[in-house]
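Below is one structure; the comments refer to it alone.
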Amino acid sequence: METSTEGAPRPDSDRAAVEEPPVPAGPAETAVETAADARTVAEAAAETAAVSDLVTGTTAIAPASLSPSRASDFMQCPLLYRFRVIDRLPEKPSEAATRGTLVHAVLERLFDAPAAERTPPRAKSLIPGQWDRLRETRPEVVELFADDPQGERLARWLGEAEQLVERWFTLEDPSRLEPAERELFVETELESGLRLRGIIDRVDVAPTGEVRIVDYKTGKAPRPEYSEGALFQMKFYALVVWRLKNVIPRRLQLVYLGSGQVLTYDPVLADLERVERKLLALWEAIRLATETGDWRPRPTKLCGWCDHQAHCPEFGGTPPPYPLPVRTAELPVLPVLPAPGEGG
């Protein structure tokens, strides 16, 4: 069922999403594409500010909150979490991540137009302006096409963004959607003191009050056996909304523009309680690692895409000096946590 009679996809779109054969995306491919999708304009700007703080000599501080992206980082590799959150090492922009940011911006801005004008041509016409805006707010993305003087690769890349935007119209009908929120920043503090935060792409609210949380993905949908990892982010958001509003979202919806599929999940209270327990255990592991300085690498196939190989012991590198005080007592044995798609 849909959470909003206004926001329900067209019947033919539903059939297309169901009949689309599953894409054989494995955990490594899916995680890489998910990381690219996670780079919204807001999050990218925050990370850019963090790098700026590092350059200007701001003192490192211990982690104080948890987002879906950073939780996934720690479960993927504790050392990666340290590099991003504590050391704040810069990372090169990628074409996939930047394209995801661009497409997210276009889909958000399209809803500024009257419902009848939310058409594929109108959406594609937003791409050049949003690309200009992205270059202004994140000058580092210009480096992506520095070796493309004729603009051929840039034109192809922008064409790929157009294809993703066009495919969205086969999955949802924006003329029938009136989102309650777009790019919504949410934050809550659990009884334990753990602060959870994140940015939700879209929130739909039905006339009956039911809530649907929607997230756009520019990559391909994972195989069914890996869908739990993809849903981790959505259950995280559902937990935050529940704790903030005392309302359990009726539906969580992932819209995969890369493969033209929609993944939905209807959470229940037990799901959110389970996610909360997992996050508390995760935060305890992060706290111990922060106090002891014991951040261990976790080698996987994803290491091949990591920007920090030069600092990683698995590749013969040396991490930068640890910038936080270290507890000198006997080091505890840190729990081994499963990656997002490994259950739990």
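Position 1 is the first residue of the sequence; numbering continues from there.
Taking the side chain as every heavy atom from C-beta outward, H104 and R99 never approach each other to under 4.5 Å. Contact annotation: the side chain of L254 never approaches that of V214 to less than 4.5 Å [non-hydrogen atoms, C-beta and beyond].
Listed by first then second residue, pairs satisfying salt bridge (charged side-chain N to carboxylate O under 4.0 Å, His left out) with a partner in residues 302-312 number zero, not counting sequence neighbours. Applying the ring pair (Phe, Tyr, Trp, His ring centres under 6.0 Å) test to pairs two or more places apart or on separate chains, those with a residue in residues 78-99 are F74-Y81, Y81-W295, F83-H308.
Here L110 contributes atom CG and R118 contributes atom CZ; the two are 7.0 Å apart, rounded to the nearest 0.5 Å.
Classification of E284 and R287 as a salt-bridged pair holds, one side-chain N sitting under 4.0 Å from a carboxylate O. Electrostatic pairing of K92 and E140 does not count as a salt bridge here, judged by no charged N lying under 4.0 Å from a carboxylate O. Residues R109 and E183 are not paired through a salt bridge, judged by the lack of any N-O separation under 4.0 Å between the basic side chain and the carboxylate.
Under the side-chain contact (heavy atoms from CB on, under 4.5 Å) criterion, E152 pairs with D148, Q150, not counting sequence neighbours. In this view, E166 and K124 satisfy the side-chain hydrogen bond (donor to acceptor under 3.5 Å, both in side chains) rule, not counting sequence neighbours. Take R153 and apply the salt bridge (Lys or Arg N to Asp or Glu O under 4.0 Å) test, not counting sequence neighbours, and it matches E95, D147. Annotation: side-chain contact (heavy atoms from CB on, under 4.5 Å) contacts of S125 (sequence neighbours excluded): R122. E162 is linked by a salt bridge (Lys or Arg N to Asp or Glu O under 4.0 Å) to nothing, counting only residues two or more places apart in sequence or in another chain. The side-chain contact (heavy atoms from CB on, under 4.5 Å) test applied to A155 returns no partner, not counting sequence neighbours. The salt bridge (Lys or Arg N to Asp or Glu O under 4.0 Å) search around R182 returns D112, not counting sequence neighbours. By the side-chain contact (heavy atoms from CB on, under 4.5 Å) test, R135 is found to be paired with W131, D132, V141, V142, residues two or more places apart in sequence or in another chain being considered. Partners of E314 by salt bridge (Lys or Arg N to Asp or Glu O under 4.0 Å), not counting sequence neighbours: none found.
When all heavy atoms of A123 and V106 are compared, the pair lying nearest together is O-CG1, 3.4 Å. When all heavy atoms of S94 and T98 are compared, the closest pair comes out as O-OG1, 2.8 Å.
Judged by distance alone, with hydrogens and angles left aside, the side-chain atoms of R298 form no donor-acceptor pair with the main-chain N or O of P78 at under 3.5 Å. When atom types are taken as modelled, the side chain of R251 and the backbone of D266 share no donor-acceptor pair closer than 3.5 angstrom.
Side-chain contact annotation: Y216 with R202, donor-acceptor N/O pair under 3.5 Å present. Side-chain contact, E172 with Q253: a donor N or O sits under 3.5 Å from an acceptor N or O.
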Atom pairs and distances, side-chain donor-acceptor, residues 236-244, under 3.5 Å, sequence neighbours left out:
from, atom 1, to, atom 2, distance (Å)
Y237, OH, I199, O, 2.9
Y237, OH, Q233, NE2, 3.1
R243, NE, E276, OE1, 3.2
R243, NH2, E276, OE1, 2.7
R243, NH2, E276, OE2, 3.2

